[in-house]
Every structure is written in structure tokens, then in C-alpha cells.
Amino acid sequence: MKKMPEILLVDDNPADVTLACEVLLASTRGTHVNTVSDGDEAISFLRRNGKYADAVRPDLVVLDLNLPGKDGRAVLVDVKADPALRTIPVVVFTTSRSPQDIARSYELGANCYLSKPGNLGDFFAAVQSIEEFWFSFASLPH
Amino acid sequence: MPATSSTTKNCNCMRSPSNSFPGLRQGILRRFLFSLGVGRKWAEQALQESEQQLARVIASAMDAIITVNDEHRIVLFNAAAERVFRCPAGKALGQPLDRFIPPRFRAAHGEYMKRFAGTGLTTRTMDGPTPLRALRADGEEFPMEASISVADAGGKKLFTVILRDVTQRVTQAEQLAKQAKELARSNHDLEEFAYVASHDLQEPLRMVAAYTQLLAERYHGQLDPSADRYIGYAVEGAQRMQTLIQDLLAFSRAGRNGHERKLADCKEVIEEALGNLRAAVLESGAEVTCGQLPAIFADRSQLVQLFQNLIGNAIKFHGSRPPAIAVSSERQNGEWKFAVADNGIGIAPEHKSAVFDIFHRLHTRTEYPGNGVGLAICKKIVEQHGGRIWVDSVPGRGSTFQFTFPA
């Protein structure tokens with residue numbers, strides 16, 4: 001039986017989380033979303049530490065760069081350095097448009113980088129395209 | 001009688017008028033003695049005039065002139081030196097030059113003079129890593145520039161220092177340096193502000209814009225009639241603020257020398273600008289023609305922005321006819337003059353200079369969109385490169401925006 005797609009959304013902005021979930025949960029694929037709001041929680045979730053012992057391994061991580069404490073860049077480093085985790089695709093979805101952030105993210109091994117659009121319609125379209133691309137078109141490792 | 005002896009050579013312009021034959025030999029002797037005395041007197045007079053002239057020259061000189069002998073004692077101290085050192089010549093003559101050198105430099109200066117005398121050079125500008133300093137009679141130190149020369153006077157050496165008090169120039173330089181530092185600090189503050197505006201301001205704004213839009217979509221027709229209208233105003237306001245901040249950022253970035261200036265082919269630049277305006281060009285059916293265009297030294301991305309704003313405006317502010325835009329250039333008085341001419345709605349004479357003000361708009365937002373930053377950006381870019389920008393226009397017929405770039 002085909003498993004339902006699992007996304008780990010890492011974002012400390014509840015307003016953006018709400019918007020993203022609007023789109024992701026509306027998917028006909030039955031995509032499920034888990035949310036964490038800082039980098040340490042993200043790593044704990046992925047490594048199934050402590051309260052995340054029963055956590056599901058996500059098929060995709062959608063990662064904001066600007067997080068309190070451990071920021072998205074540090075999470076990216078940790079995930080891509082860990083042999084157990086580095087095959088999980090990580091899509092950076094963040095407000096920054098700076099070329100430095102974009103270059104750095106790809107250097108650290110991000111699978112993709114998207115800047116959060118300012119316009120609602122474009123924001124929805126961006127999230128929808130992430131979900132559609134990774135779960136309809138791309139092939140994912142088991 | 002023609003002068004033949006060497007003693008009379010000096011004054012062979014003088015000829016004795018006497019001509020008596022008997023006393024010819026006596027006459028010659030008298031003439032000889034006479035010409036000696038007159039010659040000396042003439043020579044003395046000429047010397048006196050020459051010395052007076054020289055004295056006047058030295059007295060009238062603006063720079064201080066001080067001559068010292070080989071014992072480094074002052075033998076000449078001109079009027080300018082009296083003023084600069086605040087010391088009458090009477091008190092200075094015979095004094096060692098050291099008197100006018102700050103104590104801590106005296107030893108070094110003495111060495112310098114000795115070495116200079118030994119070099120065989122006759123002149124040298126005195127300089128060093130730090131500005132030279134001298135000492136006035138009242139004890140005040142001051143910065144100065146000086147040259148030194150040496151002359152031989154009957155076996156003895158005479159050193160002449162010509163010196164200028166550069167206090168004013170030094171203070172002006174210090175003031176300029178201070179102002180430059182202030183300016184750099186102010187620019188840094190502005191850049192930080194621009195970064196804050198881009199980053200931190202846009203975030204909460206994005207929330208407002210997104211959720212007012214969401215409200216508008218989800219609750220359209222579900223609340224009382226006024227609610228839709230109010231939400232509509234909120235949405236518009238938020239979106240306008242987003243573009244305003246983006247435009248403000250573009251304006252602040254236009255001022256900064258972000259990129260280096262290279263030779264840019266204007267034809268390629270315009271092609272790039274037209275590429276960015278592709279949608280507007282297609283939608284309006286605009287026709288853009290270019291004459292011969294040069295390559296100029298400029299920041300290429302700013303040049304693209306400049307042409308893009310001008311051509312974009314020409315397209316936007318069209319009248320009933322489809323926009324026809326002509327870009328041309330000519331070389332004039334050592335600069336390039338560019339023109340972007342359109343057949344649009346034109347600009348009334350009273351607004352011709354105000355159009356370049358930031359956020360200045362001539363129409364309502366329902367008539368034409370935009371925040372009124374485009375021309376302000378053009379003006380900033382042109383002026384940053386050392387040029388001028390202006391517009392000629394006939395309302396109802398069209399406008400021609402012209403700007404210059406130094407060649």
C-alpha cells in the first residue's frame with residue numbers, strides 16, 4: 001500500500017505555517033504535515049529523540065532559514081552531514097532573497113531554494129508547486 | 001677715441017668730449033683718470049640700484065626668506081619672516097636659526113644642514129614623513145613647508161630657507177577628513193536603514209497583505225456589505241505599502257556605487273531593458289526604434305534601469321495612439337546626449353521639474369499605476385555619473401526625455 005506523503009515543516013512563523021498548511025492539507029494525495037518551530041526541535045524530530053521517539057520519517061523537509069536558536073542553515077548542515085538523514089530532500093522556503101543565502105544553501109546541500117512570495121496567490125502557488133513536484137513528478141528514495 | 005685699454009672697457013659707452021690736440025696726451029690721461037672715476041661711480045650706482053631692487057623683491061615676497069651663514073646665524077630675515085615668526089628682523093638677525101625650530105627637532109635639523117652642505121646640492125625641498133614644524137617667537141608651533149638652498153659667498157657658505165606657513169591648509173585638510181568620515185558614517189547608517197526596510201519591515205507587511213487577501217477571498221459576500229469594501233481598502237493599502245518599500249529600496253540602491261563602471265554598449269543595454277519590458281511592449285503594441293548608440297563608461301545594471309524606466313514610462317503614459325518611442329544619441333561638447341522621445345500624453349510645463357521628485361505623481365492611481373519613483377531613480381543614476389536630465393514636452397503630443405553622460 002502506498003504510504004501517504006509526509007512533510008516536516010520547519011518554520012517559527014505561525015501565520016506562514018497556517019498558510020502553507022492550507023495548501024498542503026488540501027492536496028488530494030492526503031499529504032500529512034508535521035510542524036516544528038525551531039532548529040533543535042527539527043533535529044530531534046528527524047533523529048526521533050525524546051518525545052519524538054515515534055515520529056514518522058518525513059519524505060520531504062520544508063525548511064525556513066531564520067529560526068530562533070539553531071537556525072535553518074545549521075539544521076541543513078546537520079541533516080546533510082548525517083548519513084542516516086542526508087537522503088531526505090530539503091527544500092529551503094524562506095523570506096530571504098539574498099544571493100548569498102541562496103548560494104550558501106545550495107553549497108550546504110539544499111535540494112532546492114524558494115523565496116516566499118509577498119503576494120498571497122503566489123505564495124499558495126509556490127507551496128502547491130513544491131508539493132506537486134516532489135510527490136507527483138520526482139522520485140523519492142525508500 | 002676708441003677705447004683700447006682694459007680699464008676703460010667697462011665704460012666704453014662714455015666718450016670724452018674734449019678734443020684739444022696739444023693736451024692730447026694730457027687729455028688722454030685726464031680722460032683715463034676721468035673715465036676710471038666716472039666708471040666706478042656708474043658701477044656703484046648700478047650696483048646700488050640693483051641691490052635696492054633685490055631688497056624690494058625680498059621685502060615684498062609673500063613667503064618668509066631667511067638666510068643664515070655657515071655658523072647657522074641669521075643674516076637675512078625678510079618682512080614676511082617677521083610676520084610669520086612674529087619677530088622683528090632686528091631681534092632675529094645674529095640669532096641662531098635654532099631659535100625658530102621646536103627644541104625636539106633642533107638636533108636633527110642641525111644634522112640635516114651639515115649633510116646638505118656636504119652633498120654639493122644647491123637646493124632641496126625640505127620634507128619628511130610628517131609635516132615640518134617651526135616655532136614662532138611667542139612659542140607657538142606651526143606646520144610649514146620649506147626649501148633650502150646654498151650659495152657660495154667668497155669661500156663662505158650662505159644657506160637660504162624659503163618657508164611658508166601652511167597652518168590654514170592643514171586645518172582645512174583636517175576638516176575635510178573629518179567631514180569625509182562623518183559622511184561615511186552617515187552613508188553607513190542609511191545603508192543599514194535600507195537593509196532594515198527591506199528585511200524587517202517587509203515581514204510583518206507580508207502577513208498583513210496575505211491575511212487581508214485571505215479574508216477578502218474567504219469571506220467575500222459572507223459579512224455585511226461594508227465589510228467587503230473595508231477589507232478591500234485594507235488589501236489595497238497593504239499591497240501599496242509593499243511596492244512602496246520595494247521602490248524605496250530600488251531608489252536607495254540606485255544611489256550607491258555598487259558595481260564598477262565598465263564600457264557598456266547602449267544598444268545591448270536597451271535590448272536588455274526591452275526584454276524586461278516585454279509584457280508591456282506586447283500589451284501596448286509599442287514600437288521602439290533606436291538610432292546610432294555609443295558605448296559609454298557606466299555601471300551597466302544602473303544603465304539598464306535608466307533606459308528601462310524611461311522606455312517603460314513612455315509605454316505606460318500613452319494616449320489613444322499605440323506608443324511609438326525613439327531612442328537617439330548625439331555627441332555634444334565632450335558629452336553624450338541621449339533622447340527618449342514618445343508620442344504619449346505629455347507633461348504640462350509647470351510639472352517639468354517636479355516629475356523628477358521622488359513619489360511625485362501627476363495622476364491618480366486609477367488612471368496610471370506606480371509610486372512615482374521611476375524618474376527619481378533616473379535622475380539619481382544620471383547625476384551619479386556626472387550628467388544632467390530634463391524633459392521637453394507638448395501636452396497631448398508627447399515628451400522627449402533627455403540626459404547627458406560625460407564622454
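Just so it is clear: chains get the letters A, B, ... in the order the sequence lines come, proteins before strands, and each one is counted from 1.
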Decide if atom CD of B:Gln222 counts as having more than 12 heavy atoms of other residues, nucleotides or ligands within a radius under 6.0 Å. yes
Does CD belonging to B:Glu383 count more than 12 external heavy atoms closer than 6.0 Å? yes
What residue pairs, at least two apart or across chains, pass ring-ring contact (aromatic ring centres under 6.0 Å, His included) with a residue in residues 302-323 of chain B? B:Phe307-B:Phe338, B:Phe307-B:Phe403, B:Phe317-B:His363, B:Phe317-B:Tyr368
Could you tell me which non-hydrogen atom of A:Leu120 sits nearest to which non-hydrogen atom of B:Leu214, and how far apart they are? CD2-N, 3.5 Å
Using distance alone, with no hydrogens and no angle check, list the donor-acceptor pairs under 3.5 Å between chain B and chain A.
residue  : atom : partner  : partner atom : Å
B:Arg206 : NH1  : A:Asp16  : OD1          : 3.0
B:Arg206 : NH2  : A:Asp16  : OD1          : 3.3
B:Arg206 : NH2  : A:Asp16  : OD2          : 2.5
B:Tyr211 : OH   : A:Ala15  : O            : 2.5
B:Gln213 : OE1  : A:Leu120 : N            : 3.3
B:Arg218 : NH1  : A:Glu22  : OE1          : 2.7
B:Arg218 : NH1  : A:Glu22  : OE2          : 3.1
B:Arg218 : NH2  : A:Glu22  : OE1          : 2.9
B:Gln242 : NE2  : A:Gly118 : O            : 3.4

Taking everything shown except B:Lys267 itself, do over 12 heavy atoms lie less than 6.0 Å from its NZ? yes
Decide if atom CE of B:Met207 counts as having more than 12 heavy atoms of other residues, nucleotides or ligands within a radius under 6.0 Å. yes
Could you tell me whether B:Tyr230 atom OH has more than 12 heavy atoms of other residues or ligands within 6.0 Å of it? no
